[in-house]
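Notes for the one structure printed next.
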Amino acid sequence: MNKKILLWSGILPVFLLVVSLALFFLFNNNRQERTFYFHEQGTGKEIGELRTIPRYHDPERNVKVYVEELLLGPQRMNMVSVFPEGTKLNQLMLREKKLYIDINNMVLKTDIIKSYNIGKNIKLLRKNIIFNFPEISDIIFTITGEEPEIVEAE
């Protein structure tokens with residue numbers, strides 16, 4: 001009798017561990033950790049934030065979820081959003097290795113444009129995407145269907 005109890009006291013924890021690990025890997029594989037870069041308020045230094053976001057089998061959908069999360073802004077209060085609050089993704093298409101992104105014209109509002117360097121922020125948007133999706137070789141960025149005149153930052 002003691003041998004049976006001893007045997008089960010060793011097998012049961014190992015069995016539960018194996019089942020727990022199997023369930024963890026089975027049900028937790030639909031999320032992925034990504035890095036989001038934002039400018040630090042005051043210094044303008046680029047600082048990364050790690051976030052866990054949903055992962056899909058469709059590469060275009062993965063990029064879309066990432067960009068939408070990026071447009072929501074940073075989690076830390078001392079960081080500045082890439083684009084002003086209210087900026088929304090109009091369209092995103094991934095064709096082969098080329099990404100097309102179109103956002104609404106919130107970045108062009110006159111009271112907001114003074115506090116945001118559009119070229120610097122487009123550069124940061126590109127950095128975020130290329131860092132997290134190195135398979136993308138080119139990004140075409142538009143605001144309500146038009147390419148902005150100022151694309152590069154200093």
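Within the 4.5 Å cutoff, side-chain heavy atoms of Val82 are placed close to those of Phe38. At a threshold of 4.5 Å between non-hydrogen side-chain atoms, the residues Met79 and Glu40 count as touching. Within the 4.5 Å cutoff, no side-chain heavy atoms of Glu68 are placed close to those of Leu92. The shortest distance between side-chain heavy atoms of Met93 and Lys98 does not fall below 4.5 Å. Thr35 places a side-chain heavy atom less than 4.5 Å from the side chain of Leu50.
Summarising the geometry, atom CG belonging to Asp58 is positioned 10.0 Å from atom NZ belonging to Lys64; distances are rounded to the nearest 0.5 Å. Put simply, CD1 on Ile139 and CG on Leu94 are 10.0 Å apart, with the number rounded to the nearest 0.5 Å. If you take CD on Glu147 and CG on Asp102, they are separated by 10.5 Å, rounding to the nearest 0.5 Å. From Ile130, atom CD1 reaches atom CG of Leu99 across 8.0 Å, with rounding to the nearest 0.5 Å. In this structure, the separation between CD on Gln91 and OG1 on Thr142 is 9.0 Å, given to the nearest 0.5 Å. Between the CD atom of Glu46 and the NZ atom of Lys123 there is a distance of 8.0 Å, given to the nearest 0.5 Å.
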| request: Could you check Arg51 against Glu33 for side-chain contact (heavy atoms from CB on, under 4.5 Å), going step by step and ending with a plain yes or no? | output: CA-CA 5 Å; Arg51 293 188 202 170; Glu33 196 169 74; over 6 Å; no
| task | Could you please spell out the steps behind the side-chain contact (heavy atoms from CB on, under 4.5 Å) verdict for Ile140 and Ile101? | result | CA-CA 6 Å; Ile140 308 300; Ile101 298 175; over 6 Å; no
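Within a 6.0 Å radius of NZ in Lys127, more than 12 heavy atoms belonging to other residues, nucleotides or ligands are found. At most 12 non-hydrogen atoms from other residues, nucleotides or ligands lie less than 6.0 angstrom from CZ of Arg61.
At distances below 3.5 Å, at least one donor-acceptor pair connects side-chain atoms of Arg34 with backbone N or O atoms of Asn132. The backbone N or O of Lys97 lies less than 3.5 Å from a partner atom in the side chain of Ser137, making a donor-acceptor pair. Judged by distance alone, the side chain of Asn128 and the main-chain N or O of Tyr37 form a donor-acceptor pair under 3.5 Å. Judged purely by atom type and a 3.5 angstrom limit, Glu49 uses its side chain to pair as donor or acceptor with the backbone of Arg76. For the pair Asn104 (side chain) and Gly86 (backbone), a donor-acceptor distance under 3.5 Å is present. Here the side chain of Asn78 pairs no donor or acceptor atom with the backbone of Gln41 at under 3.5 angstrom. At distances below 3.5 Å, not a single donor-acceptor pair connects side-chain atoms of Asn30 with backbone N or O atoms of Arg55.
Following chains of ILVMFWY side-chain contacts shorter than 4.5 Å, one can reach Ile47 starting from Leu70, so the two form part of one hydrophobic cluster. Leu72 and Met106 end up in different hydrophobic clusters when Ile, Leu, Val, Met, Phe, Trp and Tyr side chains are linked at under 4.5 Å. Connection of Ile103 to Tyr100 is not established within any shared hydrophobic cluster, with ILVMFWY side chains joined at heavy-atom distances below 4.5 Å, either directly or through further cluster members.
Tyr66 and Phe36 have parallel rings, their planes meeting at less than 30° on a 0 to 90° scale where 60° marks the start of perpendicular. Classified by interplanar angle (parallel below 30°, tilted 30° to 60°, perpendicular above 60°), the ring pair Phe141/Phe83 is parallel.
What you find for Ser81 and Gly73 is that their closest heavy atoms are OG-CA, 3.5 Å.
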